[in-house]
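Okay, so here's the structure we're looking at.
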Amino acid sequence: MFNLFAPQVPSHLVDGLNPPQREAVEYRGDAMLIIAGAGSGKTRVLTHRIAGLIATREAWPSQILAITFTNKAAAEMRERIGQLLGEAVEGMWVSTFHSACVRILRREAPRFGYPQGFTIYDAADSKALMKQIVKALEAESLGVTPAAALNRISGLKNELIDPDGFARSIDGSNPRDTLILEIYRRYQRELQRNKAFDFDDLISETVWMFRSFPEVAALYRRRFRHVLVDEYQDTNHAQYALIRELTRRTEAEHVPADTRIELDPDGSLPPASLTVVGDSDQSIYAFRGADIRNITEFEQDFPGARVVLLEQNYRSTQNILDAANAVIGNNFDRREKNLFTTAGAGAKIVGYTGFSAHDEAQFIADQVHKLRDEGYRYGDMAVFYRTNAQTRALEEILIRSAVPYKLIGGTKFYERAEVKDIVAYLLTIANPADELSVRRIINSPKRSIGPATETAISNFARENDITFREAMGRAGELGLGPKVTRAIAELAEILDRAEASIDPNRSQGPVAVSQLLINLLQDIGYVDKLRATGNPQDEARAENVEELVSVAKEFDKQHPDGILVDFLTEVALVAAADEIDDESGVVSLMTLHTAKGLEFDVVFITGVEEQLLPHRMSADEPGGLAEERRLFYVGITRARKLLHLTLAMQRTTFGESAPSLPSRFLQEVPDALIDWRQPPGMPQTRQLGSSGFGGSARTRESAQMPAGRGLKGTFKPTRENQRFTNRVTGAVRDNSALELATGDRVKHTDFGEGTVRAVLGAGAKRIAEIDFDEVGRKKLLIKIAPIEKL
DNA sequence: TATAACAGTATTTTT
DNA sequence: TACTGTTATA
């Protein structure tokens, strides 16, 4: 037997670890699977393991590739390793799958006929492209929408099935499949023509590249001797294949000549060591092609792999863990695992049923204020929801209640039209072949270049076998009117100038990204035109554009040698969770998916209702319900000290209000663990059943709750519902002129009459603290509160 | 070509 | 509700 343990990992890297954690840090071998329950200290194990490899000189930093789920997690891991080693580590790759692949692809781009500045299409870009194709093929009449086609193609790419492979797998008798195939072919052709990759391509094309160029793969295999992958349960087949390619043995014929690593007797380069960390119970991305088998079959895939189980939880109280264990225990077909802690029972889980989504939100706002008074910071609290649509009511109430918050994800900064416009300019400059981006900017700001003109340019380009962008440079030959010709020529010149200014061979050296952006904005007059309208929305847009300039400035500061494509890569790959700023003292709002990997002292899981959690759409997907349950489990296990489960009796979708039922998952949480501030179900119903809502504890695997004694039948918006004291609406009014003083009596549209206790802040941010006669103390933003002085 | 008005449809989750 | 796409009109 070889010595499978490290030559003395320094004690400060293993002290204080429990035995399995310690094993995970010290084990040496080709493959290790760390099954890490929620909160079991896996980040610690991973960072200590990497630091150990470097400290013992078993590996140079540059021989390490660590894959995380978000860029933020990557940055944190890098920093923690630096702290453990007492110095910053250079040359180590810590990044997401996508970032790592972009890096490789850009470096190797010339080998497969792509420019280094190739464009990365985000979901919206892909959709725009797909819309054109679907329209051209009239596919919609056959029931193939752009979204459906993209979904299908994404699935294929995740499975590493290219158009030819797909062609082989279908029998041709299914017209729908034949159509999808044609769409897939055209879609890839367009991407190729635009010199662009979509998100899925980043992974799959890297795999293809490695397979087509074994000598290139060998370079990376030689370099990365230790590969570590976090959140392994959420890897899809393409990502799995990528890992396999990287950790494969390199045959002697492909081993680079100048290799200084010790080779095996047959001249081959032994495989790199692989460490993966994951938890099947937290797999929530099956819809995106994540394949749980990657983790469940790891031991077959990598014979001799060591498996380490981390079950001790260092995050949550026992009550929270009991709830989590009970819920996830309802998923059959899983490896038994029970989280435990020595932290003590802790507070009970708080339950609350609102009359409406606004009412639910009001409870959260009140609770946030109360907990803040008890010493929790805003930044230690988070609100989770299943769908982004739920944010509306939450935001309305939080604003009105003066709760500082930040939406994580959702309609992101980079998805705003004006920001996309400017980014499209930069994309055009980096990759003139990207016609999608050129077309996006050609008439924005308005230049009187309409569809007819665009077609003319496009035709001219085709006839002369040049790109759309090149055709613009020959505007004079298009035979268009003088005004339009000048507009096109002018834009082409602006772009030429911008391209020239970042030419690395330029005598003064290339201009910084932020300077490029500033010059460009000057040239096109984008901001000025927005400001000129006097429309407050356009003012907000102008501010967003300026925000982008600050982002570029910050980028220049962080990466003094960074070039435009680096900036664009960063922009293309920002993840929702990357936005979280730990220092800012505000409550975080995010989806349950975004919450993965994070933790907060205080957590609110909202909308714990049938049709929402589990979501209605999951009902007819195989395994959908189990995945929803894992999502709920992920949410529960984010909480360190205090967990809230909230729901509403009725919820508005599409502007239509409909009654909702408590989630079946609520029944899975032992009654004794929940302190219901406002239980679901009617008072009468409550006396009948033990768990507080209609029906037995029997859980059906259908989307509907047992109808018999469910709320649906008994619920009427009448007298019975009077017990919902906070019947909150989203009402606001402009109250900026209202002067309030302590002791004033006021009347609020939702809360009734009350007495002002205190007025805090100044100007637009004045906040009144009011004791309402019926519903207790509330904080309100005076500017928009629907109150009047009595 | 640009804009306004209207009708129809869509919300699951995301790198 | 809110956004997108289509159509009518300036």
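To find a chain, count down the sequence lines: A is the first, B the second, and so on, and within it residues start at 1.
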Protein-nucleotides 4-7 of chain C N/O pairs closer than 3.5 Å?
{"unit_1": "C:dG5", "atom_1": "OP1", "unit_2": "A:Lys131", "atom_2": "NZ", "d": "2.6"}

Nucleotide N/O to protein N/O under 3.5 Å, stretch nucleotides 4-12 of chain B:
{"unit_1": "B:dT12", "atom_1": "O4'", "unit_2": "A:His615", "atom_2": "NE2", "d": "3.4"}
{"unit_1": "B:dT12", "atom_1": "O2", "unit_2": "A:Arg386", "atom_2": "NH1", "d": "2.9"}
{"unit_1": "B:dT12", "atom_1": "O2", "unit_2": "A:Arg386", "atom_2": "NH2", "d": "2.3"}
{"unit_1": "B:dT12", "atom_1": "O4", "unit_2": "A:Glu621", "atom_2": "OE2", "d": "2.2"}

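In this entry the distance linking CD1 of A:Ile284 with C1' of B:dT13 reads 8 Å, nearest Å. Going from atom CD of A:Glu627 over to atom P of B:dT14 covers 12 Å, rounded to whole Å. Atom pair A:Leu612:CG and B:dT13:P shows a separation of 10 Å (rounding to whole Å applied). In this structure, A:Leu407 places its CG atom 16 Å from C1' of B:dT13, rounding to the nearest Å. The interatomic distance linking A:Ile67 (CD1) with B:dT15 (P) rounds to 16 Å, in whole Å. Nucleotide B:dT13 holds its C1' atom 14 Å from the CZ atom of A:Phe384, rounded to whole Å. Straight-line distance from the CD atom of A:Gln611 to the P atom of B:dT13: 16 Å, rounded to whole Å. Rounded to a whole Å, the CG atom of A:Leu573 is 10 Å from the P atom of B:dT15.
Here A:Ala123 lies out of heavy-atom contact (under 4.0 Å) with every strand. Within the 4.0 angstrom heavy-atom criterion, only backbone atoms of the sugar-phosphate kind lie near A:Asn443; the bases stay farther away. Using a 4.0 Å heavy-atom distance criterion, A:Tyr285 is classed as a sugar-phosphate-only contact.
For the residue pair A:Gln233 and A:Asp279, no side-chain donor N or O sits within less than 3.5 Å of a side-chain acceptor on the partner. Side-chain polar atoms of A:Glu108 and A:Tyr220 form a donor-acceptor pair below 3.5 angstrom.
For B:dA2, the OP1/OP2 oxygens have a side-chain nitrogen or oxygen of A:Ser448 closer than 4.0 Å. At least one side-chain nitrogen or oxygen of A:Thr453 sits closer than 4.0 Å to the OP1 or OP2 atom of B:dT1.
Contacts of residues 231-244 of chain A with DNA chain B (heavy atom under 4.0 Å): none.
Counting all heavy atoms, side chain and backbone alike, A:Ser660 lies closest to A:Gln650 at OG-N, 3.7 Å.
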query: Could you walk me through whether A:Thr119 and A:Asn194 pass the side-chain contact (heavy atoms from CB on, under 4.5 Å) check?
result: CA-CA 8 Å; A:Thr119 306; A:Asn194 288 296; over 6 Å; no

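Cation-pi geometry between A:Arg638 and A:Phe384 is not met: the NZ or CZ atom fails to fall both under 6.0 Å from the ring centre and inside 45° of the normal. Geometrically, A:Arg288 engages A:Tyr285 in a cation-pi contact defined by less than 6.0 Å to the ring centre and at most 45° from the axis.
Every residue two or more places apart in sequence or in another chain was checked for a salt bridge (Lys or Arg N to Asp or Glu O under 4.0 Å) with A:Glu395, and none qualifies. Under the salt bridge (Lys or Arg N to Asp or Glu O under 4.0 Å) criterion, A:Arg400 pairs with A:Asp750, not counting sequence neighbours. Evaluation of the salt bridge (Lys or Arg N to Asp or Glu O under 4.0 Å) rule for A:Glu190 yields A:Arg193 as partners, not counting sequence neighbours.
Looking at A:Arg447 and A:Glu490, no side-chain N of the basic residue comes within less than 4.0 Å of a carboxylate O on the acidic one, giving no salt bridge.
For B:dT13 and C:dT4, the C1' atoms lie 23 Å apart once the distance is rounded to whole Å.
Ranked by how close their nearest DNA chain B nucleotide is to the 5' end, A:Lys446 and A:Phe199 are led by A:Lys446.
Contact of the A:Asp125 side chain with the A:Lys420 side chain is registered, since non-hydrogen atoms from C-beta on lie closer than 4.5 Å.
No more than 12 heavy atoms of other residues, nucleotides or ligands lie within 6.0 Å of NZ in A:Lys446, so this atom counts as exposed by the packing criterion.
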